[in-house]
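The structure under discussion appears below in the form of structure tokens.
Along the sequence shown, residues carry numbers from 1.
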Amino acid sequence: MLRRTVLALAVGAALLASGCTGAGGSTRGADAKAPDDPAKVSGTIKVLTVRTDLVQDGTMKKYAAAFNKTYPKVKVEFEALTNYEAEVKIRMNTENYGDVLLIPAVIKKNDYPKFFASLGSSAERAETYRFTGFTSVDGKVYGQSPIGVTPGFVYNKKVWREAGVTRWPTTPAQFLADLKAIKAKTDAVPYYTNFAAQWPLTSWTYVDGSVGCDPGATTRLADGDPWAEGADLRVGDTLLYDIVHQGLAEKDPSTTNWEASKPRLAKGQIATQWLGTWAVIQFQDAARQAGTDPDDIGFMPFPAQVDGKYCAVVGPDYNQAVNVHSPHKEAARAWLDWFTDKSGYAEDNLAISPLKDAPLPTVLKPYEDEGVKFIELDDSEGAAVKEIDDQSEIGIYKPDYRQDLVDLARGAREGDLNGFLTGLSEKWSQARRTVDSR
């Protein structure tokens with residue numbers, strides 16, 4: 001299954017600066033109004049998705065069948081794309097990029113009105129939905145994620161218990177000590193980087209906000225140094241380095257395998273991975289298929305506390321949007337609203353609902369029991385962060401620099417951690433000055 005890029009949380013600000021020109025100038029600001037009478041809504045719409053697994057196994061057809069009970073005159077067709085970002089980027093140089101699509105990370109936030117129809121005012125939608133700020137431009141919302149995610153460690157509780165660890169670590173040092181206990185007392189690989197798959201390494205950016213419990217963490221990226229002493233990304237990158245440098249990860253990162261890691265963790269051959277809530281159901285399914293207990297799959301927050309409390313950032317997955325050129329905007333809007341509000345997609349995936357009044361998924365019951373504080377990041381400076389990141393060529397949402405970090409930690413690259421992080425700081429600061437001077 002494709003990962004959900006998570007967290008969303010500015011999921012892939014990562015790709016190259018947009019080469020999309022589109023043809024959206026004449027329709028900029030167009031609205032996709034919510035239908036008043038479902039019986040009158042008609043048309044055939046194409047929905048683009050990354051969920052190749054759900055299209056292949058018929059799950060998306062089941063959602064469409066349920067949708068048709070309310071909207072009988074709308075035909076929904078799905079197209080699942082394996083290399084979604086690259087393919088949709090090309091299509092968006094035309095007007096033909098589906099009726100409903102996931103907003104590609106390559107599209108600059110200020111350009112959303114060129115490509116997507118407005119869903120309504122930011123103030124109004126924020127009363128009902130989470131994450132509206134991530135797609136708001138000039139007071140209007142242009143996308144809505146059907147699920148929310150939070151980053152964390154997926155782990156095998158049985159393995160951790162066998163190592164004598166029964167409480168979540170509260171500091172990076174304690175986390176490392178727990179991994180050492182796993183290495184000494186069990187046969188499991190304490191931590192698995194999934195280096196070869198690349199994208200799991202980008203998940204480490206999403207420690208941002210959780211370490212300092214700061215809703216303004218994105219603004220701090222835009223205004224400051226992400227790798228200053230004590231900064232969230234420095235804390236996260238240092239922990240990743242220490243895990244690998246101290247021999248607590250797999251011996252050869254280049255041989256890791258994402259799909260194989262799921263049954264291996266389920267069987268207790270791997271103890272821990274940094275991913276997100278979206279991954280839990282996949283690992284539980286792997287446990288069932290392997291004949292092990294799905295309840296052994298646990299989820300824990302980053303090992304840091306503020307005032308004695310863990311903090312977890314909640315952010316959107318890919319945001320769905322309506323193509324501003326769609327000839328069936330009303331039908332497309334009907335699908336987007338129904339899939340967000342009525343489909344049960346969030347519950348089916350043990351994900352956080354975008355509806356503010358919905359309960360948390362069962363996977364986060366331990367978080368509630370432990371009093372974990374959930375925060376949502378202010379994304380008002382999200383566009384600025386992406387611009388600085390592009391200018392710096394670091395790629396905080398790309399895997400490259402963390403692959404270099406892992407190589408450094410395992411001795412496959414020359415240098416030391418402080419020099420590596422200082423180099424990132426210098427690149428970021430120079431890029432910030434360049435962007436500010438424009």
Side-chain angles (χ1 to χ4, degrees), residues 1-12 14-15 20 32 43-68 71 74-92 94-107 112 115-117 119 131 134-135 142-149 199 258-259 276-279 281-282 285 315-326 328-329 331-354:
M1 178 189 293
L2 292 176
R3 89 284 189 197
R4 311 213 179 65
T5 358
V6 95
L7 234 185
L9 295 176
V11 47
L15 295 182
C20 303
T44 297
I45 59 171
K46 177 175 285 187
V47 177
L48 305 186
T49 178
V50 296
R51 294 304 302 270
T52 54
D53 56 324
L54 300 188
V55 172
Q56 291 170 358
D57 70 11
T59 299
M60 294 307 296
K61 282 189 176 180
K62 292 178 182 178
Y63 285 129
F67 169 76
N68 284 144
Y71 294 93
V74 179
K75 182 180 180 181
V76 184
E77 298 177 346
F78 299 100
E79 183 177 1
L81 302 173
T82 301
N83 194 358
Y84 184 87
E85 292 277 351
E87 292 188 43
V88 176
K89 176 185 175 181
I90 295 171
R91 293 187 192 189
M92 292 185 74
T94 72
E95 296 182 1
N96 184 21
Y97 44 91
D99 298 282
V100 179
L101 69 157
L102 308 173
I103 296 180
V106 73
I107 304 300
Y112 286 179
F115 298 100
F116 313 117
L119 304 179
F131 320 131
F134 287 85
T135 61
Y142 291 89
Q144 178 65 56
S145 176
I147 63 172
V149 293
W199 62 262
W258 160 243
E259 288 298 337
T277 43
W278 58 266
I281 192 170
Q282 296 187 39
D285 287 344
D317 187 34
Y318 265 121
N319 287 284
Q320 285 195 317
V322 174
N323 182 347
V324 73
H325 306 290
S326 170
H328 301 295
K329 288 188 184 66
R333 174 65 186 271
W335 169 262
L336 188 151
D337 286 350
W338 180 89
F339 196 71
T340 302
D341 297 358
K342 305 292 185 182
S343 69
Y345 180 73
E347 295 89 335
D348 292 345
N349 288 278
L350 301 180
I352 298 166
S353 172

_Distance-minimising heavy-atom pair for Val149 and Thr277_ = CA-OG1, 3.4 Å
_Between Tyr345 and Leu54, is the side-chain contact (heavy atoms from CB on, under 4.5 Å) condition met? List the steps._
CA-CA 11 Å; Tyr345 180 73; Leu54 300 188; 3.8 Å; yes
*If you round to the nearest 0.5 Å, how far is CG of Asp53 from CE of Met60?*
10.0 Å
*What do the steps show when you test Leu101 against Met92 for side-chain contact (heavy atoms from CB on, under 4.5 Å), and what is the final call?*
CA-CA 11 Å; Leu101 69 157; Met92 292 185 74; 4.2 Å; yes
*Please report the C-alpha distance between Arg51 and Asn349 in whole Å, then the side-chain angles of each, then the deciding distance to 0.1 Å, and finally whether the side-chain contact (heavy atoms from CB on, under 4.5 Å) criterion is met.*
CA-CA 12 Å; Arg51 294 304 302 270; Asn349 288 278; 3.5 Å; yes
*Any luck finding a side-chain donor-acceptor pair between Asn319 and Tyr112 under 3.5 Å?*
no
*Should we count CG of Asn96 as having more than 12 external heavy atoms under 6.0 Å?*
no
*Is a side-chain donor or acceptor of Asn68 paired with a backbone partner of Lys75 at a separation under 3.5 angstrom?*
no
_Rounded distance (nearest 0.5 Å) linking atom OG1 of Thr44 with atom NE2 of His328_ = 6.0 Å
_Check whether Lys329 reaches the backbone of Ser326 with its side chain - one donor and one acceptor, N or O, closer than 3.5 Å._
yes
*asked:* Just verifying a value: how many Å separate Tyr142 OH and Ile103 CD1, rounded to the nearest 0.5 Å?
replied: 10.5 Å
*Quick one: closest heavy-atom pair of Val88 and Pro104, and the distance?*
CG1-CG, 3.6 Å
*asked:* Measuring only between side-chain heavy atoms, which start at C-beta, is Gln144 closer than 4.5 Å to Thr135?
replied: no
*Where does the angle between the aromatic ring planes of Trp278 and Trp199 fall among parallel (under 30°), tilted (30 to 60°) and perpendicular (over 60°)?*
tilted
*Please check if the side chain of Tyr97 supplies one atom and the backbone of Phe115 the other of a donor-acceptor pair under 3.5 Å.*
yes
*What distance separates Gln56 CD from Lys61 NZ, expressed to the nearest 0.5 Å?*
12.0 Å
*Can you measure from NZ (Lys89) to OH (Tyr84) and round to the nearest 0.5 angstrom?*
14.5 Å
*Say whether, by atom type as modelled, one donor and one acceptor occur between the side chain of Asp317 and the main chain of Ser145 under 3.5 angstrom.*
no
*Provide the closest heavy-atom pair for Asp348 versus Ser343 in the form atom of the first, atom of the second, distance.*
OD2-O, 4.4 Å
*What distance separates Lys62 NZ from Asp57 CG, expressed to the nearest 0.5 Å?*
7.5 Å
_Quick check: Trp335 with Phe78 (ring centres under 6.0 Å apart)?_
yes
*After noting the C-alpha distance and the side-chain angles of Val76 and Trp338, does the key distance pass the side-chain contact (heavy atoms from CB on, under 4.5 Å) rule?*
CA-CA 12 Å; Val76 184; Trp338 180 89; over 6 Å; no
*Report yes if the side chains of Tyr318 and Val50 come closer than 4.5 Å at any heavy-atom pair, otherwise no.*
yes
*Please report the closest heavy-atom contact between Pro146 and Gln320, naming both atoms and the distance.*
CD-CG, 4.4 Å
_Testing the basics here: between Leu350 and Ile281, what is the closest heavy-atom pair and its distance to 0.1 Å?_
CD1-CB, 4.0 Å
*Taking all non-hydrogen atoms of both residues into account, name the closest pair between Gly98 and Asn323 and its distance.*
O-ND2, 2.9 Å
*Are Arg91 and Leu81 side-chain neighbours, meaning at least one heavy-atom pair lies under 4.5 Å?*
yes
